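Predicted, not measured: the structure shown is a model, and the values here were computed from it.
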Amino acid sequence: MKQFTTYLLLLMGLFCVMSFSAIAQTKVAGKVIADDKKEELAGISIAVKGKVIGTITDQKGNFSFTTNTPTPFTVAISGVGFETQEYVINGNRTDLNVSLKEQVTIGQEVVVSASRVEESVLKSPVSVEKMDIRAIQSTPSVNFYDGLANVKGVDVATQGMLFKSINLRGFGATGNPRTVQLIDGMDNSAPGLNFPVDNIVGVPEQDVESVEILPGAASALYGPNAIQGLILINSKSPFLYQGLSANVKTGIMDASNRTTSTTGFYDASIRYAKAFNNKFAFKMNLSYIKAKDWEATNYTNLNGAGNSDPNRGAGTAVNYDGVNVYGDENQQNMRTVGQALIGAGLLPAAALNILPNVNISRTGYPEVNLVDYNTKSFKFNGALHYRISDKVEAIGQLNYGTGTTVYTATGRYSLRDFSIAQAKLELRGDNFMVRAYTTQERSGKSFTAGLASIGFNEAWKPSATWFGQYVGAYAAARGAGQGDDAAQLSARGIADQGRPIPGTEAYKALYDKLSSTPISQGGGAFSDKSNLYHVEGLYNFKNQIKFADVLVGANYRQYQLASEGTLFADQAAGRNGTIGITEFGGFIQASKSLFSEHLKLTASTRYDKNQNFEGQFTPRVSAVATFGEHNIRLSYQTGFRIPTTQNQYIDLKTPLARLIGGLPEFSDRYNLANSYSRTDVTALGAAITASAASPTVQQAAVQLITQQVTAQVTAQVTAQVNAAVAAGQIPASAAAAAIQSAVASTLTAVLPGQIAANINNAVTAVAINSNIGNLKPYQRQAFKPERVASYEIGYRSVLGKRLFVDAYYYYSVYTNFIGSVILLQPTAPVAAGLPLASGVLSGGTRNAYSMPANSSEKINTSGWALGLNYQLPKGYGISGNLANNKLNNFTPTAELQTSGFNTPEYRWNLGFTKRPMANSNIGFAVAFKHQDAFTWEGFAVPTELVPNLYEKTIVPAISNFDAQVNYKVSSLKSIVKVGATNLFGKPYFQAYGSSYVGSTYYISLTFDQLMN
């Protein structure tokens, strides 16, 4: 990185020298007013097309700048909400007086994400959505990031007030590694978490100029992981948006499931930008949010029926595993525990007959007693811009954010004082870009609630003691005449004696200790100090090649993973506490317009290489046909996803399994050649259950007991008879007959009772032995990047200058889809005399591992969407969109038992807006959102071996109504907004196991010097 920084500084110096060689200068000056009110307009952009030179109007609408650009050249005068006007400059022009009309025609937005060059959204070769400043200002959502949920085809998974994941075209996740989020060109993914951290540490809303969303495969231009889409957040240039702006927002959050249902929140931000001589500019942003977060209170028992009661009262299943209850994942079989107690002489052998063959779980703690719901966020954003020449601009930028929130992964993570810093140096010209940046992730005081809870339970009473006390107390209660239900409650009460109660000093002291104790030492805290370094360049051959538009680009990236052994295998032999991963890639794109601009063809291809995987080619071809206002597009896109840093190197013990990377080193380290897939073990369990009921097995079990008892009785009788012969009590010649007679009489007396007492165990043993030979060790396959090929047809048009229509249909085929195989490794036979492999049948005699792996089956998805926006007179507008996403086929494999599609089949939005106009300072917006119910596959997994892992994890249908009304105070250059989200609605959740989202009522005051 030092070498690149040095190179970049030298390059900047070279352009400085080049800039001084310019001689001829042209001056452009004038005034901009509004066409309707004839008032001066401040903050209007005047820019030389194709250059970086330009300026903005002052508070009186005046502007002036000089340029070295040879004449003639074109200047574009533009402002938010106004129609852009262009003028050809042939020499000095100091009387350029412009009257801007308010923009009426819609669909004129310019986007850059679709092809990495500026183009009309109407003629984009692929699907693209854009939220501009006007949409951000008018959204009824609390902030712009929440407002993305109103965009066509966008699905949101909310984990907390500050943590929301954007999902596109299926396979939704709470940390989606299949989308890429760029903030001013910098990847917003945390290097250790390896997925976008949404807007926790993003750009403050005051500094957001636009958000572009590119659904579908975008790897051909943006590289790895943009397999399902791209989110491009652009901040405001200090050259174009100058002066002071500030926002203060407050209100209440309300949800009936929260400990305190109604609480306040506070959100404040300030921005200041200034330009000097049209050469140097800077900006600074600060924002702070504080609130009580939404709470996750789903107490459904994942392991079966019974009450949803984390307090474990009457009617709650003994194997209770609550969704948002942690520590109860630790379960053991009562008979297995009983056999251990009998073997240790702590329980009489006869007690085994009254112990049921069921699992019991430790008493856990609800999430509300564990994680930090005091959510907060602080963001800083600063940038220095220097125009080296009319063609080149240098940028230095720093983004920093820190916050406390809750995130859903394989468990719930309490992110406390989590921070990310991003810094970049960039050179940007009219036909090139060179950028270098780094991302520095720091986990702060973060911990995982599940591991902290298990450590908490172990600290006050080890599981060996707790389960032993439970089973012993149960046996005693049954012996005293209690029924099963009463005995289970009595046993739990005895085992839980001394358990710290939330709210007490004992609980707080132990909680503080375990939440700060590293995972590697039995606690829940993790340390993540991972870094990312990235260098990229882009060059447009528009000045060298005229017959086509040709674009090339390349990048180099390096990860440095460091977790002190709490997340990654960075402490493994041969490593010094860090793991380095190197990636590089490059692309070329060419486009050509034919038939008088009626047809535009674009083709691109990209190659990427990660040190742990084979190189990947990702081509893309598209065609856009234009007939008047009608634009039809066809595209073939490919994409791929390199397994995340965690997919590659994670080594984390969780309540259910040890999460390990998919690289070969982990199979070797944990001897996984001696392991079996959960799928096969579940099938084995079903086969054992089925065969146990067969008469053949029942008969074999009786024979087994008879053989065992006969052998025991024969041995005892033989010893007794031999002793009698030695004592002269029985003649030696009569010994054989005496033994035979005694054995027969003894068996007649004891065998029926022994059969009755041991038949269940014997049947199980026979059934296991009859089926265990069919269980084969898991055969690991090479771990590969995931790929997709997507076909799309789309249509865009503006009808009658007021109705914008956008529709598309896509069909995608995924190969090497990355799933996760659960491997069970036996540590001991499930019972004496059985094969070692039988240990996989019991949680007490096996280790569990979760390893990423590729599905061998192809997965097909398809979908379509329709968006309509109609612009009415006087600033009114109506909008609506409908999106469909469907999983067409899915074949389970050991590596991918469930698809994790996690997306409603239908989702639709309706909106009605009015923006402040020249004759009215009042605006409003209302939005209605609806999505179908769907199954969420992930996070909440039963601890027991069940055929259907996600039978209960349904996300119910959601219908939301949001509204806001705003008033523009022109004299104060301010807007007052009053709004509400989920108005009159009940709490809902968008991802199973995550927080319930209630209603928010807010009022905000925004001041902006540039407001027109």
Side-chain angles (χ1 to χ4, degrees), residues 332-343 345 347-359 471 474-475 478-479 483-484 487 680-722 735-775 826 828-846 944-945:
Q332 289 192 24
N333 183 273
M334 290 189 71
R335 286 202 172 201
T336 302
V337 174
Q339 289 172 339
L341 293 175
I342 292 170
L347 200 66
L352 191 63
N353 298 329
I354 60 173
L355 296 180
N357 185 27
V358 298
N359 289 342
V471 172
Y474 175 88
R478 290 301 307 273
D484 177 68
D680 292 345
V681 173
T682 302
L684 173 65
I688 290 172
T689 301
S691 62
S694 70
T696 302
V697 170
Q698 297 279 341
Q699 183 178 1
V702 172
Q703 293 176 351
L704 177 63
I705 297 171
T706 301
Q707 292 171 358
Q708 293 174 342
V709 173
T710 299
Q712 293 172 357
V713 169
T714 300
Q716 293 172 357
V717 169
T718 299
Q720 294 171 358
V721 171
N722 288 341
I739 290 172
Q740 184 176 7
S741 175
V743 167
S745 60
T746 303
L747 287 176
T748 300
V750 303
L751 189 57
Q754 288 294 319
I755 291 175
N758 295 287
I759 187 63
N760 289 334
N761 287 339
V763 166
T764 300
V766 171
I768 289 174
N769 277 320
S770 299
N771 292 277
I772 198 70
N774 297 324
L775 187 64
V830 73
L834 291 175
L836 174 63
S838 66
V840 298
L841 297 168
S842 172
T845 54
R846 70 186 182 209
E944 297 189 351
L945 296 174

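With sequence neighbours excluded, the residues satisfying side-chain hydrogen bond (donor to acceptor under 3.5 Å, both in side chains) with Ser691 are Asn771.
Annotation for Val830 and Ser842: closest pair CG2-CB, 3.7 Å, computed over non-hydrogen atoms. The shortest non-hydrogen separation linking Pro356 to Asp484 is CG-OD1, 4.2 Å. Of all heavy-atom pairs spanning Leu347 and Ala475, the tightest one is CD1-CB, 4.2 Å. Scanning all heavy atoms of the two residues, the minimum distance from Asn769 to Pro835 falls at OD1-CD, 3.4 Å. Ile755 approaches Val702 most closely through the heavy-atom pair CD1-CG1, 3.9 Å. Across Val766 and Ala700, no two heavy atoms sit closer than the pair CG1-CB, 3.8 Å.
Atoms CD1 and CG, from Ile768 and Leu841 in turn, are 5.0 Å apart once rounded to the nearest 0.5 Å. Here the CG atom belonging to Leu355 is positioned 7.0 Å from the CD1 atom belonging to Ile342, to the nearest 0.5 angstrom. With rounding to the nearest 0.5 Å, the separation of OG1 in Thr706 from CD in Gln699 is 10.0 Å. For the atom pair Thr710 OG1 and Gln754 CD, the distance stands at 10.5 Å (nearest 0.5 Å). Here Ile739 contributes atom CD1 and Thr718 contributes atom OG1; the two are 4.0 Å apart, rounded to the nearest 0.5 Å. Note that the CZ atom of Arg335 and the CG atom of Asn353 stand 7.5 Å from one another [nearest 0.5 Å].
A donor atom on one side chain and an acceptor atom on the other are found under 3.5 Å apart for Asn357 and Asn333.
Here the side chain of Arg846 pairs a donor or acceptor atom with the backbone of Val840 at under 3.5 angstrom. In this structure a side-chain-to-backbone donor-acceptor pair under 3.5 Å is missing from Ser838 to Leu834. For Gln698 (side chain) and Ala693 (main-chain N/O), no donor-acceptor pair under 3.5 Å exists by modelled atom type.
Annotation: Gln740, atom CD; neighbour count of heavy atoms from other residues, nucleotides and ligands within 6.0 Å does not exceed 12.
In this structure, the side chains of Gln339 and Leu352 come closer than 4.5 Å at one or more pairs of heavy atoms.
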Passes side-chain contact (heavy atoms from CB on, under 4.5 Å), Leu684 versus Ile772? Steps please. CA-CA 7 Å; Leu684 173 65; Ile772 198 70; 3.8 Å; yes
